Every structure is written in structure tokens, then in C-alpha cells.
Protein chains: 2
Amino acid sequence: MKEGPDIAKIGALIGDPARANMLTALMSGKALTVSELAQEAGVGLSTASSHLTKLQDGGLLSQAKQGRHRYFTLAGPEVGEVLEALMGLAAHQGHLRTRTGPKDPALRAARVCYDHLAGDMAVRIFDSLSQRDFVSLDAETSQIALTRDGEAFVERLRIDLHPLKKGRRPVCLTCLDWSERRNHLAGALGAALLTRFQDLGWARREKASRIVHISPVGQQELLKVFPIV
Amino acid sequence: MKEGPDIAKIGALIGDPARANMLTALMSGKALTVSELAQEAGVGLSTASSHLTKLQDGGLLSQAKQGRHRYFTLAGPEVGEVLEALMGLAAHQGHLRTRTGPKDPALRAARVCYDHLAGDMAVRIFDSLSQRDFVSLDAETSQIALTRDGEAFVERLRIDLHPLKKGRRPVCLTCLDWSERRNHLAGALGAALLTRFQDLGWARREKASRIVHISPVGQQELLKVFPIV
DNA sequence: TTCATACTTCGATCCTAGTCGAAGCATTTG
DNA sequence: CAAATGCTTCGACTAGGATCGAAGTATGAA
């Protein structure tokens with residue numbers, strides 16, 4: 001009865017809502033600070049600090065000190081895979097979170113997922129791109145890439161692809177949207193698109209929140225630029 | 001901060017030691033009664049009953065009433081996979097149990113991992129297969145596949161590959177063995193191999209346990225069929 | 001019917017672990 | 001240097017939940 005690795009310890013680590021929120025937030029691959037994670041988890045700073053040391057002691061997170069910040073990331077790909085598996089299981093059972101408050105429709109419509117757009121509009125954009133074969137999806141690795149047509153399209157939006165391609169960060173990534181349970185575009189291009197939309201005045205990020213306001217004009221233009229047949 | 005499926009709920013379910021023991025016990029694939037699981041978890045009957053209803057409400061277990069017994073099994077293969085992933089992660093971090101338990105040599109030698117063989121012999125089989133290039137490992141995705149030679153070898157064991165290939169379940173998967181911390185073969189083929197060994201009388205599953213007995217003849221034959229240079 | 005087995009429910013107890021605020025430490029900025 | 005920022009530690013509080021035993025329910029056997 002006492003054989004095997006201690007899955008209870010890891011389960012308990014994931015089992016606290018605050019910690020689960022932190023882990024979910026870190027699944028983007030981005031390194032986040034204690035304060036950011038505290039906000040993400042909806043919990044005080046001291047509480048967050050305590051949780052993070054526990055997660056680190058448990059081997060789920062690793063930290064990198066940089067000046068007066070402490071950046072946390074998932075300890076490794078295995079951790080991410082376990083979380084993915086758990087999410088899959090939870091979603092599969094319809095264990096979706098109970099939705100809260102009137103703020104939610106706004107969040108549902110458009111929000112920021114670290115640095116790129118998520119929500120209804122983001123899903124629409126992704127659908128439009130794939131429908132017109134601007135991105136190609138490799139079914140095996142489930143990795144996506146811009147096609148030649150797609151590159152031309154992006155350049156027409158006056159987004160310079162060269163710096164993106166040179167960067168360390170992958171240009172195109174899919175990001176599974178849990179409110180929609182469908183893919184949207186992440187990666188360097190995803191971030192660049194959001195920046196471009198803001199420059200054009202189509203979208204505006206609400207301060208200290210994840211909500212993105214899309215202006216009436218922006219709405220109209222976005223529907224035109226990203227049509228769905 | 002509130003998006004995503006509720007992985008905390010599932011984590012909390014797995015996070016209790018008693019429940020984790022029960023889940024681990026059920027990974028054999030066998031259906032177990034409340035009393036058996038209570039003993040397995042080292043906990044009173046009423047406590048076990050309470051845990052089991054929680055696990056069932058959480059969608060991790062399903063029950064089948066039969067007479068005055070209530071048999072519990074894992075709700076589905078996804079649950080088993082999540083548990084395997086957790087075990088792999090825990091083992092990988094050296095999160096082995098402090099209470100060294102019965103260092104049961106029988107369990108170490110051969111046991112069932114959900115529905116395929118694990119333990120010393122399973123690791124040896126996997127090593128033998130890779131040494132002879134019967135399976136190829138893609139370093140990028142760390143996914144494995146049968147080579148042409150491997151398919152021929154499997155057919156010589158009189159395992160019909162066609163139904164396996166048609167099934168939804170991947171034919172070849174690696175599975176990290178916690179006692180050995182090395183890979184062994186899982187997936188549809190892993191299960192088929194175990195079945196075949198039982199048909200040949202080489203292996204016999206102990207009832208209501210994860211132990212697999214390998215007969216002297218089976219031992220001899222397996223060493224012959226899966227040589228290591 | 002009567003008894004035995006298998007399990008559930010209830011009530012009481014106990015303890016872990018999450019939470020916050022205040023104070024302290026470390027690093028960068030002015 | 002001093003002030004501000006980012007984070008940790010400490011102490012106190014509290015709630016949730018794990019546990020058990022006793023009593024209750026359901027099923028099968030004699």
C-alpha cells in the first residue's frame with residue numbers, strides 16, 4: 001500500500017486554488033514575478049510568497065533572481081505536460097469554472113493573454129487566418145507557421161516580420177483559449193498584432209486589467225480585415 | 001484570473017494521501033471494493049466511503065454495484081494517464097516516498113502499470129527493442145514508433161497489429177517507470193504484449209493486486225525473445 | 001424470519017494549512 | 001546618503017476537512 005512516488009504531495013500542491021491559478025498563469029511560458037502572480041491568483045503578497053516557496057520546494061517551479069525581482073517559471077516541460085493533462089481531464093468532465101460577475105462578458109469578448117489578444121475576437125482572427133491558408137498547421141506536431149501568402153498579408157498590415165523572425169521567440173504559436181476551447185494566435189506575431197491594433201486605435205488595454213476594449217471603428221475594421229466565409 | 005478548467009479541484013482530490021493511495025491501487029485496472037480500498041489506503045471504513053464518494057463526484061472514479069459490493073474503477077483511461085504523468089513527475093524529482101514500505105521484490109520485478117507490464121522485465125524488454133532498432137525514438141517529440149523490422153518482430157510473436165493500428169489509442173508510447181526511472185513500453189502494443197504473455201502462460205496476474213508473476217519458463221523464454229547484447 | 005455482511009450517514013473532535021497585516025531585509029534609484 | 005520598490009518572515013486568526021465510532025440502511029444467506 002505504500003509503493004510508488006508521492007503523487008499526493010504534488011496533487012496537494014496543485015490542489016490549492018491560489019497555486020493552481022499561478023501554475024495556470026505560468027503555462028504561457030513567460031516568467032512572472034511574485035507580485036504579478038499574487039494578482040493573478042487574487043491573493044495577498046505574503047500569501048503568494050508562501051505559496052511560491054512551496055511550489056519551488058515541491059519542484060514544480062524554478063526561480064531566477066534578477067535585481068529586486070524574482071521571476072518564476074515552470075520547472076520543466078514535464079510540469080507543463082502534467083498541467084495540460086489535468087486541464088484536459090477537467091475540461092473533459094465539464095469541470096469548468098463557475099463564471100462570475102458582470103465583468104465576464106467583457107473578458108469573454110476580448111482580453112489579454114500575457115501579451116497577445118485572447119477571447120472571441122482572437123479566435124475569430126485565428127479562424128480567418130487558417131481559413132485563408134495564411135497559416136499552415138502541422139497535424140503531427142500541432143505547430144503552426146505562416147505561409148507565403150500569410151507573410152504577404154502580415155506585411156500589408158504594416159507589421160515588419162524581420163525583427164520577429166530574428167528573435168528568440170517563436171513567431172507563431174497556438175494558444176488554447178479555455179473560454180472558447182479553441183485556438184488563437186500567440187507567439188511574437190500574436191504580440192505584434194495586438195500592438196499594431198493599439199497603434200491603429202482599434203484596441204485599447206484597460207490599465208491594470210486584462211480587459212481589452214475594442215472601439216466601434218476597430219470592430220468594423222477587424223471584421224473586414226479578418227473575414228470568415 | 002478565472003479562466004481555464006478547474007485543475008485545483010482535481011489536484012485537491014489527488015492531494016490527499018488516502019485518496020492518492022486508492023487511486024494508485026486502482027491503476028492496476030482492477031475493480032476494487034470499498035473495504036479493499038480502505039485497507040489499501042490505511043484508513044477506516046467510514047473515512048474510505050467518504051473519500052470514494054468525493055472521488056466519484058469529482059469524476060475520477062466510476063462505480064458498479066454488484067450485490068452488496070460496490071466496485072470502483074478509474075473513470076477512464078485519461079484518469080490513468082494523468083496519474084501516470086504525475087507519478088513520472090514525482091519520480092523524476094526524486095519525490096519518492098519517505099516510508100520505504102515493503103521493498104517488495106515481486107513488485108519491483110514485474111507489475112502492471114494500468115494495463116501493460118512494468119518493472120525490471122518491462123525495462124529490459126524496452127531496452128532490447130531499442131537496441132535492435134525495433135522501435136525508433138524521435139528525439140524532438142520524444143515519441144516512439146515501430147520500425148519495419150519491429151513490425152515484423154511483433155508479428156512473429158503472433159500479435160496482430162492491424163486492430164491496434166486502427167484503434168484510437170496510440171500503438172507505441174513510452175512510460176517512465178518509477179522504480180527503475182527508465183522507460184518501458186506502454187500504449188496499445190504494451191497492453192497487447194502483456195495479454196500475449198498471459199496467453200502463452202509466461203505471465204500471470206495476481207488477482208486484486210498489481211503483481212505479475214512470471215513463470216520460470218516465461219522468464220527463460222522472455223530472456224531469449226528479448227536479448228540484450 | 002433472522003442473522004451476517006457491506007456499506008453509508010451522522011456527530012464530534014482535532015489539526016492542518018490558507019489568510020492577512022505589520023515589520024524586516026535586500027536592491028535599485030534619486 | 002535616503003527613499004522607494006520588491007519581496008520575505010513572523011504571529012495570530014480561522015475555516016475546512018480528515019478522522020473515527022456508533023448507529024442506520026441495504027443486500028444476501030441460513
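Note that this is a predicted model, so its numbers are computed, not measured. The sequence lines fix the lettering, A, B, ..., with proteins before strands; numbering per chain opens at 1. Computed over heavy atoms, backbone and side chain alike; hydrogens, waters and symmetry mates excluded.
Taking atom CG on B/Leu37 and atom P on C/dC7, their separation rounds to 9 Å, with Å as the unit. Between the CG atom of A/Leu61 and the P atom of D/dC7 there is a distance of 14 Å, rounded to whole Å. As a whole-Å value, the separation of A/Tyr71 OH from C/dT27 P is 16 Å. Computed from coordinates, the B/Gln63 CD to C/dC7 P distance equals 11 Å when rounded to whole Å. C/dC7 atom P lies 16 Å from atom CG of B/Leu55, rounded to whole Å. D/dG6 atom P lies 16 Å from atom CG of A/Leu52, rounded to whole Å.
Put simply, the side chain of A/Arg196 reaches to within 4.5 Å of the side chain of A/Arg158, judged on heavy atoms.
A donor-acceptor pair under 3.5 Å links the side-chain atoms of B/Thr24 to the main chain of B/Ala20, judged by distance alone. A side-chain donor-acceptor contact under 3.5 Å links A/Thr195 to the backbone of A/Ala191. The main-chain N or O of A/Phe226 is found under 3.5 Å from a side-chain atom of A/Arg124 such that the two form a donor-acceptor pair. The backbone N or O of B/Thr33 sits less than 3.5 Å from a side-chain atom of B/Glu36, completing a donor-acceptor pair. Although no hydrogens or angles enter the test, the distance criterion places a donor-acceptor pair under 3.5 Å between the side chain of A/Arg19 and the main chain of A/Leu13.
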Kindly give the atom pairs (protein nitrogen or oxygen, nucleotide nitrogen or oxygen) under 3.5 Å for nucleotides 14-17 of chain D.
none

Using atom names, set out every protein N or O paired with an N or O of nucleotides 20-23 of chain D below 3.5 Å, distance rounded to 0.1 Å.
{"from": "D/dC20", "atom 1": "OP2", "to": "B/Gly44", "atom 2": "N", "distance (Å)": "2.9"}
{"from": "D/dC20", "atom 1": "OP2", "to": "B/Thr47", "atom 2": "OG1", "distance (Å)": "2.8"}
{"from": "D/dG21", "atom 1": "O6", "to": "B/Ser46", "atom 2": "OG", "distance (Å)": "3.1"}

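A/Thr33 comes within contact range of the sugar-phosphate backbone alone, with a heavy-atom separation under 4.0 Å but no base atom that close.
With sequence neighbours excluded, the residues satisfying side chain to side chain donor-acceptor pair (under 3.5 Å) with A/Gln63 are A/Gln56, A/Arg70.
Across A/Val43 and A/Ala18, no two heavy atoms sit closer than the pair CG2-CB, 4.5 Å.
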